[in-house]
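Here's the structure we're looking at; comments come further down.
Position 1 is the first residue of the sequence, and the numbers go up from there.
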Amino acid sequence: MSQLLSLEAPERARPVRLRTRRGVFAALDVPALGGAGGGTALLVPGFMGSKEDFLPLLAGLSEGGVRVLAVDGRGQCETGDGGASEPSYGRGELAKDLVAVVEAIGAGAVHLVGHSYGGSLARAAVLDTEGDPELWASVTLMNFGPAGVSQGQQERLRLLLSVVDSMSLADMWPFVRNDDVATPPDVADFLEKRWLSNTPGQLAAVAQQMLNETDDTGRLARLSLPTCVISGTPDETWAPEGVEKMARELGAAFVRIEGGGHSPNVHRPDETVSALLEFWLSCADADSCADADSCAAADVRKLPACQPRSSSA
């Protein structure tokens, strides 16, 4: 479960209900200060997460000239089943939801950011639409690896799958919550409420997907879409060395954020904001990415080059 330290949000952050052709999705919409000259970003949370995972980034990205929308996916937090009578939580279906959200935003191509399992959905959405430049200005995979999660995480997922049909979410909560981190009372209350808002079917489906994740790095590398990989360290979900190897194979901009852990958006928000803004600025031309010096940020490590990638790469 993603960990939050604060629920502080910029005053200009507006809770919205995005009505799409695939249902209604809860989101936070933050306008760009001084106009959206930096484009629009769509932030996708990971397993057991929600749009609030990105609260520490919203002010900085908005001040950088980017309109930001963070969304609860189908089965998550305030979106629930999205109004569907028979919701499906297959990866392909959840990826289609992201396309529908982009269409509903109506701002043209967006900078897509997926954190953890959200990276899997972002990759699937891009692949399923063949990197459509009308939808995607770029894609960033944050603390997402090329394939399956670590052995330790696999054991936790299998444990969840063994009880999700027989235990209530309320009964599971004492075993899910993280008591190792000092959490402010309001954040603790929110985290419990968020867990109880999850759809059990979504938890089971996504847990199984994470166990069966396949490596689609080669397919993504063949698309002409600017790509960035952000790796907070240390990370027990996907090994940082595997994430870096994936970035090299993609020819992507690569940023390592020391001390960011699995959620650099929470633990190193300033460095994460800097990395995203610099990358997006370098990708004003959606068909290429400038050299990797433009992806530099404080306390980060990057690959030697961020090469433009053609469809034949």
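- Side-chain contact between Tyr117 and Leu94 is present, with heavy atoms from C-beta onward closer than 4.5 Å.
- Ser120 and Glu213 form a side-chain donor-acceptor contact under 3.5 Å, judged by distance and modelled atom types alone.
- Atoms CE and CG, from Met142 and Asn265 in turn, are 5.0 Å apart once rounded to the nearest 0.5 Å.
- No side-chain heavy atom of Leu57 sits under 4.5 Å from any side-chain heavy atom of Val68.
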Practice item. Could you please spell out the steps behind the side chain to side chain contact (heavy atoms under 4.5 Å, CB included) verdict for Val110 and Leu69? Key: CA-CA 10 Å; Val110 303; Leu69 290 101; over 6 Å; no
Review point. Can Leu5 and Val187 be said to form a side chain to side chain contact (heavy atoms under 4.5 Å, CB included), step by step?
Key: CA-CA 7 Å; Leu5 304 178; Val187 176; over 6 Å; no
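- Using a 4.5 Å cut-off on side-chain heavy atoms (C-beta onward), Val44 and Phe54 make no contact.
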Practice item. Verify ring-ring contact (aromatic ring centres under 6.0 Å, His included) between His267 and His262, making sure each step is shown before the conclusion. Key: CA-CA 9 Å; His267 299 292; His262 186 62; 10.0 Å; no
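- Taking the charged nitrogens against the carboxylate oxygens, Lys96 and Glu93 do have a contact shorter than 4.0 Å, which makes a salt bridge.
- Judged by distance alone, the side chain of Thr20 and the main-chain N or O of Ala104 form no donor-acceptor pair under 3.5 Å.
- Distance alone, capped at 3.5 Å, places no donor-acceptor pair between the Gln202 side chain and the Gly80 backbone.
- Residue Val243 comes nearest to Gly145 through the heavy atom pair CG2-CA, 4.1 Å, listed as atom of the first residue, atom of the second, then distance.
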Exercise for review: Quick one: do Lys245 and Glu241 satisfy salt bridge (charged side-chain N to carboxylate O under 4.0 Å, His left out)? Show the steps, please.
Suggested key: CA-CA 6 Å; Lys245 180 176 182 290; Glu241 56 269 23; over 6 Å; no
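- Residues Val99 and Leu135 are in side-chain contact: their nearest non-hydrogen atoms beyond the backbone lie under 4.5 Å apart.
- Follow the hydrophobic side-chain contacts under 4.5 Å out from Leu159 and you never reach Leu169; the two are in separate clusters.
- At a threshold of 4.5 Å between non-hydrogen side-chain atoms, the residues Val255 and Glu278 do not count as touching.
- Counting heavy atoms from C-beta outward, Phe175 and Leu160 have side chains that stay 4.5 Å or more apart.
- Within the 3.5 Å criterion, the main-chain N or O of Pro146 finds a donor-acceptor partner in the side chain of Arg123.
- Taking all atoms of both residues into account, the shortest heavy-atom contact from Asn143 to Pro264 is OD1-CD, 3.2 Å.
- Of the charged side-chain nitrogens involved, at least one lies within less than 4.0 Å of a carboxylate oxygen, so that Glu244 and Arg248 count as a salt-bridged pair.
- Closest non-hydrogen pair, Val266 versus Pro269, comes out as O-CD, 3.5 Å.
- No donor-acceptor pair under 3.5 Å is formed between the side chain of Thr227 and the backbone N or O of Ala252.
- The OG1 atom of Thr140 sits 5.0 Å away from the CZ atom of Phe279 when rounded to the nearest 0.5 Å.
- Residues passing the salt bridge (Lys or Arg N to Asp or Glu O under 4.0 Å) test with Lys193: none are found, sequence neighbours excluded.
- Pairs of residues two or more places apart, or lying in two chains, that qualify as side chain to side chain donor-acceptor pair (under 3.5 Å) and include a residue from residues 45-56 are Ser2-Asp53, Ser50-Glu52, Ser50-Arg194, Lys51-Asp72, Lys51-Glu78, Asp53-Arg194.
- The two residues Val149 and Gln154 come nearest to each other via the heavy atoms O-NE2, 2.9 Å.
- The two residues Leu127 and Leu223 come nearest to each other via the heavy atoms CD2-CD1, 3.9 Å.
- Atom CZ of Arg17 is surrounded by more than 12 heavy atoms from other residues, nucleotides or ligands within 6.0 Å.
- Summarising the geometry, atom OG belonging to Ser168 is positioned 8.5 Å from atom CG belonging to Leu196; distances are rounded to the nearest 0.5 Å.
- Residues that satisfy the salt bridge (Lys or Arg N to Asp or Glu O under 4.0 Å) test with Arg12, not counting sequence neighbours, are Glu63.
- Side-chain atoms of Trp173 and Leu191, non-hydrogen and from C-beta on, do get closer than 4.5 Å to each other.
- With values rounded to the nearest 0.5 angstrom, Leu220 atom CG is found 5.0 Å from Leu250 atom CG.
- Ala147 and Trp238 make their closest contact through O-NE1, 2.8 Å (heavy atoms, listed as atom of the first residue, atom of the second, distance).
- Looking at Arg67 and Ile105, their side chains come closer than 4.5 Å, going by heavy atoms from C-beta outward.
- Summarising the local packing, CD of Glu130 is surrounded by 12 or fewer heavy atoms from other residues, nucleotides or ligands at distances under 6.0 Å.
- The distance from the CG atom of Leu277 to the OG atom of Ser282 is 11.0 Å, given to the nearest 0.5 Å.
- A distance-only check finds no donor-acceptor pair linking the side chain of Thr79 to the backbone of Arg74 [under 3.5 Å].
- Of the inter-residue distances, the one linking Leu276 atom CG with Ser138 atom OG reads 8.5 Å to the nearest 0.5 angstrom.
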**Study point:** Chi angles and distances behind the side chain to side chain contact (heavy atoms under 4.5 Å, CB included) call for Met172, Val164
**Key:** CA-CA 8 Å; Met172 281 189 261; Val164 71; 4.3 Å; yes
**Study point:** Trace of the side chain to side chain contact (heavy atoms under 4.5 Å, CB included) decision for Met246 with Leu141
**Key:** CA-CA 10 Å; Met246 176 184 71; Leu141 308 177; 4.1 Å; yes
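- For the pair Ser62 (side chain) and Ala59 (backbone), a donor-acceptor distance under 3.5 Å is absent.
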